[in-house]
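Here is the structure we will look at, set down as structure tokens.
Note that ligands are numbered from 1 as they come in the structure, with each ligand's atoms numbered from 1 the same way.
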Amino acid sequence: MPVTSSNWLDMAGLAPAYDNWSGSHIGWRLAGAGVVALLIAGTVLLVWHTGGTKLVYAHFIYVPILIAAGLFGLPGGILAAVAGGLALGPMMPLDVEAGIPQDTLNWVTRTAMLTFSGSLAGAICAVLGRQTAEARLQGYRSPWTRLPNRAQMMVDLDRLIVEGEQSLIVLKIALSHHASTVTSLGHDFADDLHRAAAARLGTALGGDFRLYDLSEGAFGTILPAANYRDAVKLTNTLLAHLDEPFSLQAVPVLAGGHIGVARWPQHGADAPALMRAAAAALHDGGLDVQRRAVYDQRADTERRAMTALLPDLQSALRTGAGLQLHFQPKICLDTRDCVGVEALIRWQHPRRGAVSPGLFIPLAERTALIGPLSEWVALRAVDQLSAWRTAGIDVPIAINLSMRNLDDDRLALALADMLRTRGVHSCRVEVEITETALMAAPERARQSLESLRGEGISVALDDFGTGQCSLAYLRDLPVDSLKLDRSFLRDIEHDDRSQILIGATIDAAHRLGFKVVAEGIEDAGALERLHGMGCDHGQGYHIARPMPDADLRQWLANQPAAGTA
Ligand code: C2E
Ligand code: CA
Ligand code: CA
């Protein structure tokens with residue numbers, strides 16, 4: 001193993017913060033023994049001054065014996081009992097004033113009784129102590145893998161930081177397909193996968209570093225940062241180990257992995273900050289082609305700033321303040337007529353100014369806000385259609401929906417209701433749903449899309465070419481048109497192979513009965529090529545940028561064959 005340290009975490013056992021009997025705890029033990037000795041001596045003096053063992057004061061000796069049993073277990077209980085018994089033994093008279101000595105049998109019996117009680121108390125305390133320690137230890141282990149858990153990783157990190165000997169690298173490792181394994185194969189399979197991955201990662205770490213079981217499908221480890229390159233190599237080894245299929249119940253299962261890297265002291269001063277940084281990096285690692293990302297403070301700050309804006313977005317959605325729809329025209333490539341517009345939301349934040357939908361839409365999608373957001377967009381779009389109709393403008397509007405909007409029929413029904421109450425024909429509205437969203441939950445999405453189409457609303461598959469959607473899969477999807485993503489069309493003018501691919505896609509889409517829209521057309525050359533390939537419609541900065549209602553009316557009025565009724 002290339003990354004090693006002679007002074008690293010003890011791999012043999014767990015070392016939680018409370019269980020540290022070395023060093024300063026020896027001091028506590030000596031202090032405890034001193035207190036017991038003083039209490040025995042105090043009892044002897046008390047018994048002597050009160051006149052000897054004939055009175056009850058001799059029973060005070062139980063106090064130091066029980067304390068010794070509590071502190072030192074069985075040996076402590078026995079030792080204190082024998083010491084106390086002897087101290088109250090042959091030298092101590094039965095009656096000090098009268099000078100009457102104790103019977104030998106008397107003090108021997110008492111010593112025996114004390115020893116029995118001390119042993120019993122010591123044994124009980126030892127058992128209870130062990131049980132308590134074991135119970136506490138459970139808090140530092142994963143019940144699934146018996147590996148040290150997140151709490152232990154925090155303790156170890158803090159300890160290494162306090163020791164201050166190393167700069168550190170914290171790795172958070174996730175099984176990329178754990179969640180999909182739960183959905184497709186069930187929890188038992190996913191648990192088996194987790195355990196099998198833990199064993200493999202343990203092998204990859206080679207026993208040099210502690211592997212932590214952080215949560216379902218997530219692990220961690222701490223490395224010395226002395227040689228960063230070696231640490232990078234190690235991450236590659238870990239990923240390679242996770243790439244090999246696992247054989248579970250004789251079924252080959254893919255786990256895949258991605259890793260987040262955080263460094264101390266650069267990325268956080270203490271364990272919670274480092275764990276948070278590693279988790280943020282893990283998120284980026286999941287999106288990176290290398291499947292590994294180092295914590296990026298700037299991106300994280302930006303993300304957190306965005307998250308902090310969510311309450312403002314919520315109130316904006318309530319009042320509508322700062323929100324607006326812009327419309328980007330879509331033209332027929334044959335006639336150059338405007339055949340529709342795409343509604344794109346714009347948010348003007350009171351302090352931050354314009355916030356890009358590319359930033360706040362993904363956040364809204366991760367919260368319940370995407371529901372009200374899409375409803376707001378739908379309502380504004382339908383209102384706009386009704387206003388345009390009054391003004392004699394007849395242009396359909398496409399609105400973007402998120403996967404979460406298709407979880408149930410609510411939005412579809414609300415949209416149909418809005419159209420009815422405003423007397424707008426449903427063929428004036430189109431919805432766009434991204435290819436990746438549709439792939440994520442095809443069945444549920446399919447039903448919602450079917451009910452939208454049942455209402456007469458057409459459906460476009462957005463960003464086509466960015467996911468893994470195949471044409472064969474498209475065959476059964478309830479969509480009317482495909483929107484070829486800008487990235488898919490990037491090399492259209494210069495790369496022959498791209499042209500073949502784009503041409504074949506357009507051709508196949510037509511044969512399957514779909515209309516094809518090209519997105520992000522930025523120059524005349526691309527527009528002409530797409531036209532030559534038979535693409536139906538086009539949209540992009542070369543044609544028109546997204547614009548507010550007033551500008552759109554102006555733009556439409558300036559078109560040679562204006563899209564007006
Ligand atoms: P999208 O649906 O793919 O929308 C097209 C995006 O590309 C828009 O960015 C548009 O301004 C931009 N665009 C159009 N033509 C060109 C071009 O020629 N070149 C370049 N470079 N870009 C072009 P925008 O408005 O920033 O929206 C980004 C994404 O945010 C949208 O991608 C869509 O996924 C989402 N979004 C926007 N509005 C809404 C909304 O009301 N609801 C939902 N759910 N998502 C929305
Ligand atoms: Ca779109
Ligand atoms: Ca798009």
Side-chain angles (χ1 to χ4, degrees), residues 306 313 316-317 320 322-331 333 340-348 353-384 396-407 411-412 415 429-438 440 445 448 452 458-467 469 479-490 492-493 516-527 530 535 537-548 551-552 555:
M306 267 298 135
L313 178 62
L317 284 168
L323 292 178
Q324 201 188 4
L325 283 188
H326 278 195
F327 304 95
Q328 186 178 32
K330 186 167 66 178
I331 61 164
L333 293 185
V341 293
E342 176 176 2
L344 294 159
I345 193 166
R346 297 292 177 258
W347 182 26
Q348 190 73 22
V355 186
S356 160
L359 289 174
F360 69 84
I361 295 278
L363 277 178
E365 280 174 339
R366 269 179 259 140
T367 64
L369 284 185
I370 194 62
L373 187 142
S374 294
E375 270 178 41
W376 185 89
V377 171
L379 191 62
R380 290 291 307 122
V382 175
D383 278 347
Q384 191 67 70
I397 296 185
I399 58 173
N400 290 283
L401 292 190
S402 295
M403 189 56 227
R404 295 275 301 274
N405 298 132
L406 303 182
D407 279 352
L411 194 88
L415 188 55
V429 179
E430 185 177 42
V431 301
E432 297 187 5
I433 178 90
T434 62
E435 176 195 335
T436 29
L438 206 53
S448 298
L452 278 168
S458 56
V459 176
L461 192 59
D462 204 355
D463 299 349
F464 186 76
T466 52
C469 197
V479 300
D480 304 280
S481 57
L482 299 188
K483 292 191 82 178
L484 303 183
D485 191 67
R486 191 161 55 94
S487 59
F488 187 64
L489 305 174
R490 200 174 31 220
I492 187 164
E493 285 188 77
V516 183
V517 185
E519 286 193 295
I521 299 178
E522 290 186 346
D523 53 65
L527 189 143
L530 286 158
C535 181
H537 299 153
Q539 194 182 341
Y541 291 170
H542 175 66
I543 299 156
R545 289 188 174 250
M547 54 191 127
D551 294 359
L552 180 77
W555 184 87

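Within E342, the N, O or S atom at minimum distance from the Ca ion (ligand 2) carries the name OE2.
Taking a distance limit of 4.0 Å, we find that atom 39 (C) of ligand 1 is approached by some protein heavy atom. Within a 4.0 Å radius of atom 32 (O) of ligand 1, the protein contributes no non-hydrogen atoms. The presence of a protein heavy atom under 4.0 Å from atom 43 (C) of ligand 1 is confirmed. Distance check on atom 4 (O) of ligand 1: some protein heavy atom falls below the 4.0 Å cut-off.
Residue S374 forms a side-chain contact (heavy atoms from CB on, under 4.5 Å) with just one option from L406, L369, L401, V431, and that option is L401.
In terms of N/O distances under 3.5 Å, ligand 1 is approached by R346. The shortest N or O to N or O distance between D462 and ligand 1 is below 3.5 Å. Residue Y541 has at least one nitrogen or oxygen atom sitting less than 3.5 Å from a nitrogen or oxygen atom of ligand 1, judged on distance alone. Taking only nitrogen or oxygen atoms, main chain and side chain alike, E432 does not reach within less than 3.5 Å of ligand 1.
The shortest heavy-atom contact between A343 and N400 is O-ND2, 3.3 Å. Between L373 and A364, the shortest heavy-atom contact is CD1-CB, 4.3 Å. Between H542 and E522, the shortest heavy-atom contact is CB-C, 3.4 Å.
The line from CD1 of I492 to CZ of R486 is 14.0 Å long, rounded to the nearest 0.5 Å. For the atom pair CD1 (I370) and CG (L317), the distance works out to 9.0 Å, reported to the nearest 0.5 Å. Interatomic distance, CD1 of I399 versus CZ of R380, reported as 12.5 Å (0.5 Å rounding).
For atom 11 (O) of ligand 1, the nearest non-hydrogen atom from the set P546, P362, A364 comes from P546. When E522, Q328, R380, Q539 are ranked by how near their heavy atoms come to atom 15 (N) of ligand 1, first place goes to Q328.
Shortest contact from atom 41 (O) of ligand 1 to any protein heavy atom: V377 CG2, 3.4 Å. Of the protein's non-hydrogen atoms, I361 CG1, 4.2 Å is the one closest to atom 35 (C) of ligand 1. Considering only non-hydrogen protein atoms, atom 34 (O) of ligand 1 sits nearest to N400 OD1, 4.7 Å. At the top of the distance list for atom 8 (C) of ligand 1, counting protein heavy atoms only, stands L344 CD1, 3.9 Å. Atom 24 (P) of ligand 1 has as its closest protein heavy atom P357 CG, 3.7 Å.
At a 4.0 Å heavy-atom cut-off, ligand 1 touches E519 through the side chain alone. Residue contacts with ligand 1, taken as heavy atom pairs separated by less than 4.0 Å, involve R486 solely via side-chain atoms from C-beta onward. Looking at I521 against ligand 1, only its backbone comes within 4.0 Å, counting heavy atoms.
Protein N/O/S atoms closer than 3.0 Å to the Ca ion (ligand 3): D462 OD1, D463 OD1, E519 OE1, E519 OE2.
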Identify each donor-acceptor pair in which a side-chain atom of residues 323-331 lies under 3.5 Å from a protein atom, sequence neighbours left out, and give them as a table.
from	atom 1	to	atom 2	distance (Å)
Q324	OE1	H326	NE2	3.4
Q328	OE1	Q539	NE2	2.9
Q328	NE2	A544	O	3.1
K330	NZ	E430	OE1	3.0

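Annotation for ligand 1: atoms under 4.0 Å from non-hydrogen atoms of S402 are 44 (N).
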